[in-house]
Protein chains: 2
Amino acid sequence: MKYIDKLRNSGLRPTKQRLQICEVLFNTEKTFHFTINQLEQKIKDSIDNKISLATVYNTVHAFEKKGYLKQIPINSNQTYFDTNVTDHHHFYDLKDQKLIDLENSDVGPINIKKKINGKRIKSVEVLVKLED
Amino acid sequence: MKYIDKLRNSGLRPTKQRLQICEVLFNTEKTFHFTINQLEQKIKDSIDNKISLATVYNTVHAFEKKGYLKQIPINSNQTYFDTNVTDHHHFYDLKDQKLIDLENSDVGPINIKKKINGKRIKSVEVLVKLED
DNA sequence: CACTTATTTAGAATCATTATAAACTGGCTA
DNA sequence: TAGCCAGTTTATAATGATTCTAAATAAGTG
């Protein structure tokens, strides 16, 4: 199947649960943002068997470590993840508590002038908060 | 005293606890980043009486709402606050889990080209993750 | 098939944060 | 100054996301 190689290639066994979660996460037209609880609901809605909450956590963390998911840096009581793993940024609508993608091309180039000794820049993420 | 007016002017009663927390937060050479637990420790170290943890939470939230503190958008199990409320950004050292200020002038001007209907930009925050 | 190791699972544990409701206090008015 | 009331503080309980645990299960390998 579609995701078996993807998982094998990154050293993850393609278990039934992981493949099902792959379907929910990656077999979509558009990328999306989610919390663990939202993902759990989506999974419930789209498969018959049950996947334990612990497995959902395990899988999301495994996928994140492999670079198939990204955490979105934002202050919330829940962690937000993104299936869009390209370099990009986010609007955060404070009123509706909704995230909206901001493509790199929607933000001018960002030039970090300050350097920190012995450290490399791994990522540059912009969060644009919106109000009415 | 120094902070009585500041508090009164923003509609907060200048209680003993709030004034003491003001001392810890604002009576310093440099601004700094902190979690609630770190602040609690600092308070313990610098005053004789005890301030309840609930009061620390209440006060920090009250100060944040009045604009005397800012939350730093970052994924962590604890919320980070900043006594530097000017527009600025952050480095986040992934290894040491340490935050470092990035002044606005250290980051080129950021031009958000995308607009969202009926929404205004409230803030633009950049998080630069560092690795070795 | 047998074996080893990774994964799943339910449930318990953890821990930051928020809620509760009773006691207390600052500031106002008479 | 006394008395009142809304705003605060407080200890403690409750909440809720996340992580841990250890036993059961499944995948990969020879």
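Every chain is numbered from 1, with letters handed out A, B, ... down the list of sequences. Below, each value reflects all heavy atoms present in this structure, side chains not excepted, and no hydrogens, waters or symmetry copies.
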Minimum-distance nucleotide (side-chain atoms of A:Ala54 versus D:dT9, C:dA16, C:dA10)
C:dA10
Which of parallel (below 30°), tilted (30 to 60°) and perpendicular (above 60°) describes B:Phe26 and B:Phe63?
tilted
Starting from C1' on D:dG16, measure out to CD on A:Glu40 and report it in whole angstrom.
13 Å
Side-chain ion pair, B:Lys70 and B:Glu64, N-O less than 4.0 Å:
no
Please state how far atom CD in B:Gln20 lies from atom C1' in D:dT8, giving the value in whole angstrom units.
14 Å
Residue met sooner reading DNA chain C from 5', once A:Lys50 and B:Arg13 are mapped to nucleotides:
A:Lys50
With a 4.0 Å cutoff (strictly under), does any side-chain N or O of B:Arg8 reach OP1 or OP2 of C:dG27?
yes
Here the distance between atom P of C:dT14 and atom CG of A:Asn77, to the nearest Å, is 22 Å
A:Phe32 six-ring centre to A:Lys42 NZ/CZ under 6.0 Å and within 45° of normal
yes
Applying a 4.0 Å non-hydrogen cut-off, can you work out what B:Thr15 is touching in the nucleic acid: base, sugar-phosphate, or nothing?
sugar-phosphate
Find the distance A:Glu64:CD to D:dT19:C1' and express it as a whole number of Å.
15 Å
Please report the distance, rounded to the nearest Å, between CD in A:Gln17 and P in D:dT25.
13 Å
Round to a whole Å and report the spacing from OH of B:Tyr57 to C1' of C:dA19.
13 Å
Reading DNA chain C from 5' onward, which residue's closest nucleotide shows up sooner: B:Thr79 or A:Gly11?
A:Gly11
B:His61 side-chain N/O to C:dT17 phosphate OP1/OP2 under 4.0 Å
no
Taking atom P of C:dC15 as reference, at what distance in whole Å does atom CD of B:Gln38 sit?
16 Å
From CG of B:Leu53 over to C1' of C:dT18, roughly how many Å is that when rounded to an integer?
11 Å
